[in-house]
Amino acid sequence: MGGLVIGVDVGTASARAGVFDRKGHLLGRAEHPLEIGRPDPTHAEYQSEQIWEAVASAVRGAVSAAGVSGEDISGIGFDATCSLVVRDRQGLPLGVSTTGEDRWDTIVWMDHRALAEAQECTDTGHRVLGSVGGVMSPEMEIPKLMWLKRHFPQRWERAGFFFDLADFLTWKASGSTGRSQCTLTCKWTYLAHEPTGWQGDFLETVGLGDLLARGALPERATPIGQDLGFLTEAAAAALGLTTRCRVGAGLIDAHAGALGALGGTCGKPGIERHLALIAGTSSCLMALSADPHPTHGVWGPYFGAVLPGLWLNEGGQSVTGALLDHVIALHGAGGRPGAEMHRAICARVAELRQIEGPAFAARLHVLPDFHGNRSPLADPGALGVISGLDLDRSFDSLCRLYWRTAVGIALGVRHILDALNAQGHAIDTLHVTGGHIKNPLLMELYADATGCTLVQPQTEDAVLLGTAMVAATAAGLFPDLAAATKGMEAASIPRAPNPQAFERFTRDYRVFLMMHEHRQAIDRLR
């Protein structure tokens with residue numbers, strides 16, 4: 001075999017694949033879009049077969065772009081959003097949609113149909129909540145499974161497999177029903193640090209006592225990067241690879257980004273100072289530590305969910321890039337929120353800031369919780385707030401709102417950092433990857449509004465790189481995952497914060513916190 005590996009990343013809107021060598025160099029990359037069904041404003045659904053077809057197209061495209069052969073690929077790894085895939089006893093799609101169509105068999109991570117079930121989980125007060133920041137999110141799998149069983153009991157009876165999306169992909173690739181320690185620990189209330197990971201009393205309490213048997217879930221999770229076996233003949237044919245290619249136990253997309261962004265830092269002293277910010281449609285903030293640091297409103301601490309022996313706290317913002325898109329679409333001077341529109345707005349904001357200085361849009365303030373507050377308030381019902389609007393409908397008005405929305409997103413990161421640091425972390429360095437690295441305003445703000453040093457890995461896609469590290473581990477190119485992170489680590493460029501700007505944003509941060517208090521006070525009047 002040629003010693004090359006493939007990382008596959010299934011994000012919210014597309015499947016991407018990249019071919020890497022053992023030094024972490026990206027040789028070729030391809031992408032294929034995904035279709036999302038929206039039968040209800042709070043529902044979001046995929047077709048898992050369409051996802052697999054998109055993955056196959058991306059893998060074949062990446063191999064072609066790299067100018068190599070499928071014979072050269074020694075290993076493949078998969079990461080994906082934490083979406084829930086449901087299959088029947090024969091392994092065929094089983095519908096989760098109110099439309100009744102079996103092809104829509106996957107509930108997307110951002111789907112909020114299970115708000116009531118999530119609250120029921122929280123109300124149990126069970127100790128598993130200590131690993132999800134004290135509050136169950138509707139974005140996790142247990143509430144979604146409760147919803148499915150409650151609303152469609154006949155479909156529940158037909159079910160034979162429940163997968164997190166990353167585990168579905170490794171099953172399609174290898175035939176293994178192993179489930180990743182990353183997915184089970186972070187999204188299924190599995191306690192990897194305890195001798196018995198599944199807490200049967202909790203599952204019984206929430207009406208899912210038959211979950212493991214119904215969904216073919218294993219008693220023990222599989223460590224990330226463990227070799228699950230070779231590609232099946234069908235998978236090899238679909239992907240354009242060979243049955244000598246090994247499949248690694250996968251992980252959630254943000255967690256792959258943490259591996260790729262932090263790289264060799266993962267194994268060095270002082271890891272509590274570093275945080276991976278994986279920022280795209282939504283944002284995940286991944287903090288690793290040698291010891292557990294429970295933090296209200298922040299998911300975790302999870303054991304072994306990124307690297308063996310380390311604990312993970314995961315903060316999040318449910319909409320960030322998607323919020324900037326929404327602002328463009330919402331404003332009278334906006335329109336289609338494509339890359340060209342974002343670039344035009346960023347350029348005009350830079351001009352207006354040069355003209356108006358620090359006073360630019362200073363009275364405009366935005367709370368970015370348009371899809372709830374994942375961290376640190378853990379309030380999925382929270383709403384966004386805009387203060388300081390006038391009647392201006394010009395393009396410059398859009399630029400002002402866009403800029404201050406970006407400020408609100410960065411202050412939301414600071415809010416999460418404060419919560420983490422209050423519980424034992426000492427974060428002063430942000431390693432940023434994802435679509436936001438293309439937005440100069442956000443990259444400036446992530447440093448200046450938080451006061452942290454910003455580190456940008458010099459790789460086209462740190463999420464794909466992290467998954468390639470998993471593939472390289474499974475293929476035996478490195479003795480373990482920690483060695484792969486060091487051997488394939490990307491170079492990086494640091495950026496120090498501007499102290500004067502930090503002082504200005506500290507004033508904005510005080511307003512930001514007051515707005516949270518005022519919104520909560522208004523909600524209490526209902």
Side-chain angles (χ1 to χ4, degrees), residues 11-13 36 38 40-46 80-84 107-119 121-122 132-144 165 186-187 252-255 257 275-287 295-300 313-327 329-330 337 366-386 405-417 419-420 432 434-436 439 442 446 463 512 515-516 519-520 523:
T12 303
I36 299 180
R38 285 284 196 175
D40 180 274
T42 62
H43 293 201
E45 299 162 355
Y46 289 134
T81 63
C82 53
S83 301
L84 174 68
I107 303 178
V108 183
W109 67 269
M110 61 184 174
D111 183 292
H112 272 199
R113 71 183 68 189
L115 279 167
E117 287 77 12
Q119 186 61 51
C121 291
T122 299
V132 293
V135 179
M136 181 64 72
S137 168
E139 296 175 12
M140 294 186 175
E141 310 300 19
I142 293 299
K144 292 173 181 173
L165 183 51
C186 296
K187 304 301 174 185
I252 300 165
D253 54 349
H255 302 63
L275 180 139
L277 173 57
I278 297 88
T281 303
S282 62
S283 294
C284 291
L285 294 86
M286 318 293 283
T295 304
H296 179 78
V298 175
W299 295 342
N313 281 106
E314 179 185 352
Q317 296 169 290
S318 292
V319 287
T320 51
L323 179 55
L324 293 176
D325 285 345
H326 180 69
V327 165
L330 187 69
V366 179
L367 276 189
D369 301 336
F370 284 54
H371 196 55
N373 183 291
R374 191 188 301 172
S375 303
L377 303 183
D379 181 2
L383 297 172
V385 178
I386 302 174
T405 302
V407 170
I409 290 169
L411 294 177
V413 171
R414 181 168 173 176
H415 200 195
I416 297 169
L417 295 182
L420 289 167
V432 184
H436 292 195
N439 188 310
L442 287 172
Y446 285 141
V463 176
F512 179 89
M515 289 176 70
H516 276 297
R519 182 188 62 198
Q520 292 166 346
D523 284 344

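Just so it is clear, the values below take in all heavy atoms, side chains as well, and ignore hydrogens, waters and symmetry mates.
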- prompt: Should the pair Tyr446 and His436 be assigned to parallel (<30°), tilted (30 to 60°) or perpendicular (>60°) ring geometry?
  reply: parallel
field: Stepwise side-chain contact (heavy atoms from CB on, under 4.5 Å) check, Leu442 with Val432
entry: CA-CA 10 Å; Leu442 287 172; Val432 184; over 6 Å; no
- request: Please name the pair of heavy atoms, one in Cys82 and one in Glu141, separated by the smallest distance, quoted to 0.1 Å.
  value: O-OE2, 3.1 Å
statement: Those residues at least two apart in sequence (or on a different chain) that pass side chain to side chain contact (heavy atoms under 4.5 Å, CB included) with Ser137 are Glu139, Met140, Trp299
query: Between the side chain of Ser318 and the main-chain N/O of Ser282, is any donor-acceptor distance below 3.5 Å?
result: no
task: Mark yes or no for whether Thr281, through its side chain, and Gly321, through its backbone, hold a donor-acceptor pair below 3.5 Å.
output: no
message: Run the salt bridge (charged side-chain N to carboxylate O under 4.0 Å, His left out) test against Arg519 and tell me which residues pass, sequence neighbours left out.
response: Asp369
message: Nearest 0.5 angstrom please: Thr81 OG1 to Lys187 NZ, how far?
response: 10.0 Å
- request: For Gln119, enumerate each residue passing the side-chain hydrogen bond (donor to acceptor under 3.5 Å, both in side chains) test, keeping only those at least two apart in sequence or located in another chain.
  value: Asp123
query: Just by distance, do the side chain of Thr122 and the backbone of Met136 share a donor-acceptor pair under 3.5 Å?
result: yes
query: Short question: side chain of Lys144, backbone of Trp109 - any donor-acceptor pair under 3.5 Å?
result: yes
query: Going through the checks in order, is the side-chain contact (heavy atoms from CB on, under 4.5 Å) test met by Leu377 and His415?
result: CA-CA 10 Å; Leu377 303 183; His415 200 195; 4.1 Å; yes
field: Donor-acceptor contact below 3.5 Å, side chain Arg38 vs main chain His43
entry: yes
